[in-house]
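Structure first, commentary second.
Throughout, numbering of the chain's residues begins at 1 and tracks the sequence. For clarity, every value in this text was computed on a predicted model and none was experimentally measured. Counting starts at 1 for both ligands and their atoms, in listed order.
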Amino acid sequence: MSGLDKPIPMSSKRVTNLRGQAKVPGDKSISHRSLILGALSVGQTKIHGLLEGQDVIDTAKAMSSFGALVEKHENGYWTVDGFGVGGFAEPEKVIDCGNSGTGVRLIMGAMSTTNITATFTGDASLNRRPMARITEPLNLFGAKTYGRRHGKLPITVVGAASAVPITYQTPVASAQIKSSILFAGLNTAGETIVIEKEKTRDHTERMLQGFGAEVETETTSTGHMVRIKGYPELLPQEIKVPRDPSSAAFPVCAALITEGSDVLVPNIGLNPTRSGLFETLREMNANITFENESFQGGEPVADIRAKFSPNMIGIDVPPERAASMIDEYPILSVVASFAKGKTLMREVNELRVKESDRIDAMAKGLRSNGLSIEEGEDWWSVEGREIDGVKGGGLCETFLDHRIAMSFLILGMASKSSVKIDDSSPITTSFPIFESLMAELGANFQKSEL
Ligand code: S3P
């Protein structure tokens with residue numbers, strides 16, 4: 001989504017009896033990392049189940065601009081012929097990462113310790129997001145970064161000619177900061193160390209190990225520590241990307257709030273650093289079960305069955321769980337609207353700097369549908385109206401944010417009057433088949449006028 005495309009307003013009407021299997025696309029986090037690590041290996045990496053959302057396509061294009069050969073093959077798999085650690089070619093054009101914070105932050109890290117210059121930009125949403133959290137540690141490696149005021153994109157990175165390793169405590173719980181530093185540490189002599197207070201998603205650590213890097217992790221009283229040794233020779237891999245738990249959240253939550261529903265969402269990555277939403281929903285009395293639990297490419301996976309759950313209750317979501325469900329608060333607030341009592345979400349200031357200010361976006365949209373929201377800088381709460389009590393009828397602004405758009409369409413599926421969003425086009429960034437997949441289950445979404 002460039003932000004220049006024409007908005008596509010959409011409405012969602014109340015439905016019942018969602019049925020069937022929801023085969024959601026590949027994990028976004030793992031897809032980005034597969035392409036980047038494929039480029040950082042010498043030889044051919046094969047990727048099955050890559051998410052073909054715009055965010056990941058933009059990362060694929062970026063890797064081509066830096067000299068990798070990235071190709072999609074007829075039966076759906078992708079290959080990356082990599083240039084190896086430190087093998088980045090200087091791109092001829094500006095790298096446009098579109099809507100993707102993960103893409104731009106991980107790629108800036110990976111190239112920042114190679115002696116080339118690259119300029120990065122994104123859409124209106126990405127160019128508003130904080131980047132100093134990335135450029136600060138990259139400068140410590142010896143890179144030079146020149147951006148707009150307050151460290152915003154567009155940013156030019158002049159990679160360090162001979163990078164020095166760093167030990168860095170992340171100021172906020174962010175897998176993007178951690179991963180950016182670990183990727184920078186690859187082309188740096190010696191040992192780079194990242195310490196985080198709360199453990200964030202660990203796909204980078206797992207995948208780096210899979211590609212042959214020396215990565216050690218340790219949890220101590222000061223936090224979670226990751227060490228990486230510089231100059232590894234990364235070996236190309238064959239990767240099966242599990243389906244995305246953050247996308248699975250939408251059909252799962254839709255089934256919980258629509259009468260008579262029983263939906264199976266197969267083969268979902270359930271890495272404990274990502275599965276906080278499902279734990280939270282179970283504590284709210286949601287009828288969710290895991291079936292066929294197994295392992296795929298170093299990640300735990302399972303089929304998730306979700307059934308209509310008319311007796312959910314509001315809870316105080318444990319703040320230490322925030323990192324493991326950070327992308328899921330918008331859809332959780334929708335489920336909370338149909339529960340009995342208040343759901344309180346604390347220590348979630350990071351929500352204010354995602355693709356949109358997600359507390360503000362959800363609070364505005366939920367209020368326009370008759371809900372009561374309270375909010376502070378780093379917390380918010382939703383007063384549940386129980387299963388049949390949400391009025392709906394609102395028009396919700398989506399602020400170029402895919403998860404806000406999908407959340408309000410799910411809200412409409414169980415509200416008394418239909419819910420409208422001003423723009424469904426950002427959904428393609430992470431879940432390009434959302435509309436058709438939800439329609440197959442029984443959703444009634446219609447393109448509409450504002
Ligand atoms: C991601 C990390 C999270 C998440 C984003 C994907 C990743 O961001 O919100 O959608 O793939 O590393 P932060 O790590 O900045 O919280």
Side-chain angles (χ1 to χ4, degrees), residues 25-37 50-51 53-56 58-59 97-110 122 125-126 128-137 151 168 170-184 194 196-208 224 226 241-242 244-250 269 271 273-277 299 319-332 347-359 361 378 400-407 426-427 429-431:
D27 189 276
K28 182 155 73 69
S29 295
I30 295 176
S31 294
H32 282 295
R33 288 159 174 80
S34 301
L35 292 166
I36 297 170
L37 284 164
L50 186 84
L51 165 64
Q54 192 54 45
D55 278 11
V56 175
D58 288 333
T59 289
C97 289
N99 192 250
S100 181
T102 308
V104 78
R105 289 175 174 141
L106 269 53
I107 299 168
M108 282 204 280
S125 153
L126 188 57
R128 276 194 293 268
R129 297 178 66 184
M131 293 296 148
R133 53 178 58 195
I134 298 297
T135 52
E136 269 170 22
Y168 197 78
T170 56
V172 290
S174 165
Q176 295 177 354
I177 303 178
K178 171 175 67 179
S179 305
S180 187
I181 295 170
L182 293 173
F183 284 160
V194 189
E196 46 182 10
K197 235 167 56 204
E198 304 281 349
K199 184 172 175 178
T200 61
R201 66 190 66 193
D202 61 1
H203 306 300
T204 301
E205 297 91 303
R206 289 179 190 237
M207 292 179 76
L208 277 166
H224 175 69
V226 188
V241 181
D244 197 326
S246 299
S247 297
F250 296 101
N271 180 318
T273 60
R274 293 287 298 283
S275 56
L277 172 74
E299 297 274 350
E320 62 278 9
R321 200 179 285 161
S324 70
M325 53 180 288
I326 196 66
D327 290 335
E328 281 66 74
Y329 283 92
I331 189 62
L332 173 66
E347 294 180 32
V348 287
N349 23 344
E350 276 299 291
L351 293 182
R352 299 223 177 255
V353 290
K354 293 292 176 189
E355 286 83 330
S356 67
D357 175 341
R358 286 182 168 162
I359 297 179
D378 72 342
L400 289 183
D401 189 330
H402 53 132
R403 299 199 202 283
I404 300 299
M406 291 187 278
S407 296
I427 293 173
T429 61
S430 70
F431 200 161

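- Using a 3.5 Å distance cut-off with no hydrogens or angles, the side chains of K178 and T200 do pair a donor with an acceptor.
- For R321, the salt bridge (charged side-chain N to carboxylate O under 4.0 Å, His left out) criterion is met by E279, E283, not counting sequence neighbours.
- Under the salt bridge (charged side-chain N to carboxylate O under 4.0 Å, His left out) criterion, K199 pairs with D202, sequence neighbours left out.
- Under the 4.5 Å side-chain criterion, counting only non-hydrogen atoms from C-beta, I326 is in contact with K354.
- For the side chain to side chain donor-acceptor pair (under 3.5 Å) test, no residue two or more places apart in sequence or in another chain qualifies with K28.
- Using a heavy-atom distance under 4.0 Å as the criterion, the protein contacts of ligand 1 are K28, S29, R33, T102, A173, S174, A175, Q176, R201, I326, D327, K354.
- Counting only N and O atoms by type, the side chains of H32 and T102 include no donor and acceptor under 3.5 Å apart.
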